[in-house]
Student: 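First the structure, which I've put down as structure tokens, then a few questions once you've had a look.
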Amino acid sequence: MSGAGTDSGAAAEWIKPALVGVDAARSPAFPAPVAALLDEAGDDDALARYARGAAAMAACRLAAVELAPAADEPPPAAPEDARMLGEGEPLAAALRTIFRSDSERLHHEACQRLAELGRALPAGALASALDAGRQRARLRTALLPVLGERGLWLARLNPDWRYADRGGAAVEESADPFAQAEQVWQEGSFEQRQALFAQLRAADPARARALLQAQLGELPAKERAAFVAELDAGLSLDDEPLLAGLLKDRGREVRRFAAALLARLPQSAHAQRLRAWLAPRVSQERALLVKRWVVDAPQAADPEWASAAIDVARPQNDALGERAWWLYQLVRQVPLRWWCEHTGMDAAALLAWAAKSDWKEALHRGWLERIHRDDGDWAAAMLDAPGRAFHGHHAGLLGLLPPAQRVRHWPSSFELLCRSGRFDEVVGSCAPGQWLPLEYSRLVGAGLEQAGEALRQDWSLRQNAQSLLEVLHPQALRGWRAPPRGPDDTSALADCLAGLERTAHVRGLLHA
């Protein structure tokens, strides 16, 4: 029995026989508790049995009690798990607090730390953690290994947590990455299949490619694009036939990803066509006694571009002119290393050269879209470029650099950080699960500890203080204290300071 304001559909079935008549053939099936009582009464007469059952159901309805049919078979008991944290351990309390919050960074950090310790989430944090994984697909890779046996058991009881069921977790735990892969691929959620495909691609690129190729025609465009993007890992010339066919895919993003990957294969037919189209546009000319490189946008669209995922038609609201649009379409496909090889200039020199060109906007925009995780020299050159050409992209560019190389691009003091408002550059360069380098963490941590007055006056700092604290290196948090509270603090400031205290405390427990 359970409290409810209205009858369920099954329980309401007992009313219908009263309208059409009752006999042995049409005797309704009452919910299990009422049926058991009727069996005890021993009435063989269908009408009497129905009358007693209807009276019991009516009484339940007046009492707002809903009777649901008993389950065919109760679920098995949760298995024992030696890795699961006990509810009394200090870390368990911290994990319950972390997963009740909405901080994706803390969720990732908690999962990573538990994995390092070889432990699983405590029972009291499982429901919140499973909900966090439901809401954020990119948390799942870190979450699944620390759910433990109890978490996987719990996930099977709630359709909303199906992403974490045993089928998905089996691949994570198995030494053979292909174990149960077929079942997950056919029955799993999109996020499960994407995680599986990334794992298979890392272990056996050819087999993963064949798996994808066999089902491409059945996938919606969004999923096709996501799976094609995963081919970046282990990319080789063997992928060319599949990618070349996708240049004519119905999905615009699919075509774009396929073209970008093919362009990274110098020997592919697509890459050779791109070089053949772009090389004549980037040439040397003599000015007096000096040769200089010049770029010239196409005068007309080439009919062959349509077969290379190049959008000939410029959107009406685009800031680029038609010729600049065509040039940008070519530039954004060609790998950045081609420019260095073709001109003999390094990234910094090419950026300085482009800044003096009539086609600067097309070049800058194309290069920004083309930059890859292997283009650290270009990222550093863009960050050092004078003016504001790449100013709005600093956070993403910093993310392409190793953490130790990012520091010189950040404000050198906490005061300068607050004055410049470049919080997004510092925080945004750290992916979930990453921290600032230790020395910079100490600089920021010390500034936050003394920022009581600044937090009262600077709304921007108050909005970003929590995020800054979450990306500090754990060692910089040892002994850290939030600024003291004042008697005239607003509720917003009091909430901010309390949040900082709570975050410092739970992060300290995580790394104790």
Side-chain angles (χ1 to χ4, degrees), residues 220-222 224-226 228-229 232 243 246-264 270-271 273-283 293-339 342-343 347 350-373 375 378-379 381-383 385-397 399-400 424-425 428:
K222 179 181 177 181
R224 293 199 305 277
V228 170
D232 183 55
L243 293 171
L246 292 173
L247 291 176
K248 299 179 180 178
D249 192 272
R250 302 184 307 277
R252 182 177 180 181
E253 286 300 303
V254 178
R255 298 194 302 270
R256 187 173 168 188
F257 282 133
L261 292 173
L262 283 168
R264 290 187 51 225
H270 180 71
R273 282 192 299 168
L274 287 172
R275 291 196 297 270
W277 287 328
L278 189 56
R281 313 249 65 85
V282 184
S283 59
W293 285 97
V294 295
V295 60
D296 187 33
Q299 296 285 346
D302 189 323
E304 292 296 318
W305 288 350
S307 63
I310 294 176
D311 298 325
V312 174
R314 179 184 69 87
Q316 291 184 354
N317 61 345
D318 198 275
L320 295 176
E322 187 172 52
R323 292 182 63 198
W325 171 261
W326 294 334
L327 178 62
Y328 151 69
Q329 290 287 297
L330 292 171
V331 170
R332 75 174 184 175
Q333 287 207 44
V334 175
L336 297 182
R337 65 176 179 271
W338 176 87
W339 292 87
H342 184 70
T343 65
L350 279 162
L351 289 174
W353 165 74
K356 302 174 184 177
S357 168
D358 292 339
W359 308 104
K360 176 180 69 173
E361 297 301 326
L363 292 170
H364 282 181
R365 185 169 159 186
W367 287 341
L368 271 171
E369 290 193 22
R370 178 67 265 185
I371 199 165
H372 186 264
R373 63 174 178 269
D375 297 318
W378 279 82
M382 288 177 177
L383 288 164
R388 302 177 61 85
F390 305 99
H391 182 74
H393 305 276
H394 278 195
L397 293 170
L400 297 175
D424 286 347
E425 290 183 24

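Model, not experiment: these values are computed from the prediction.
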Student: To the closest 0.5 Å, what do you measure between CD (Q333) and CD1 (I310)?
Tutor: 5.0 Å
Student: Between A221 and G251, what is the shortest heavy-atom contact and its length?
Tutor: CB-CA, 4.3 Å
Student: How close do S357 and V295 get, counting heavy atoms only, and between which atoms?
Tutor: OG-CG1, 3.5 Å
Student: Which pair of heavy atoms, one from R255 and one from D249, lies closest together, and at what distance?
Tutor: NH1-O, 2.9 Å
Student: Just how far is it from atom CG of L368 to atom CE of M382, taken to the nearest 0.5 Å?
Tutor: 4.5 Å
Student: Please determine whether a side-chain nitrogen of the Lys or Arg among R337 and D375 lies less than 4.0 Å from a carboxylate oxygen of the Asp or Glu.
Tutor: no
Student: Indicate the atoms forming the closest heavy-atom contact of A301 with V312, along with that distance.
Tutor: CB-CG1, 3.4 Å
Student: Mind checking the CZ-CG spacing from R252 to D311? Nearest 0.5 Å is all I need.
Tutor: 4.5 Å
Student: Using atom types as modelled and distance alone, determine if a side-chain donor or acceptor of R314 lies under 3.5 Å from a backbone N or O of L320.
Tutor: yes
Student: Under the side chain to side chain contact (heavy atoms under 4.5 Å, CB included) test against R281, which residue among V331, D296, V294 passes?
Tutor: D296
Student: Taking only residues two or more places apart in sequence, or in another chain, which ones meet H342 in a ring pair (Phe, Tyr, Trp, His ring centres under 6.0 Å)?
Tutor: W293, W338
Student: Roughly how far, to the nearest 0.5 Å, is CH2 of W378 from CG of L336?
Tutor: 5.0 Å
Student: May I have all residue pairs that pass side-chain hydrogen bond (donor to acceptor under 3.5 Å, both in side chains) and include part of residues 362-372, sequence neighbours excluded?
Tutor: D232-H372, R256-E369, D318-R365, Y328-E369, R332-E369, H372-D374
Student: Can you name the nearest heavy-atom pair linking A324 to A362, along with the distance?
Tutor: O-CB, 3.5 Å
Student: Which residues pass the ring pair (Phe, Tyr, Trp, His ring centres under 6.0 Å) test with W359, sequence neighbours left out?
Tutor: none
Student: Quick one: pull up CH2 in W305 and CH2 in W326 and give me the separation to the nearest 0.5 Å.
Tutor: 6.5 Å
Student: More than 12 heavy atoms of other residues, nucleotides or ligands under 6.0 Å from CZ of R373: is that the case?
Tutor: yes
Student: Check P298 against L330 and note the closest heavy-atom contact, atom names and distance.
Tutor: CG-CD1, 4.1 Å
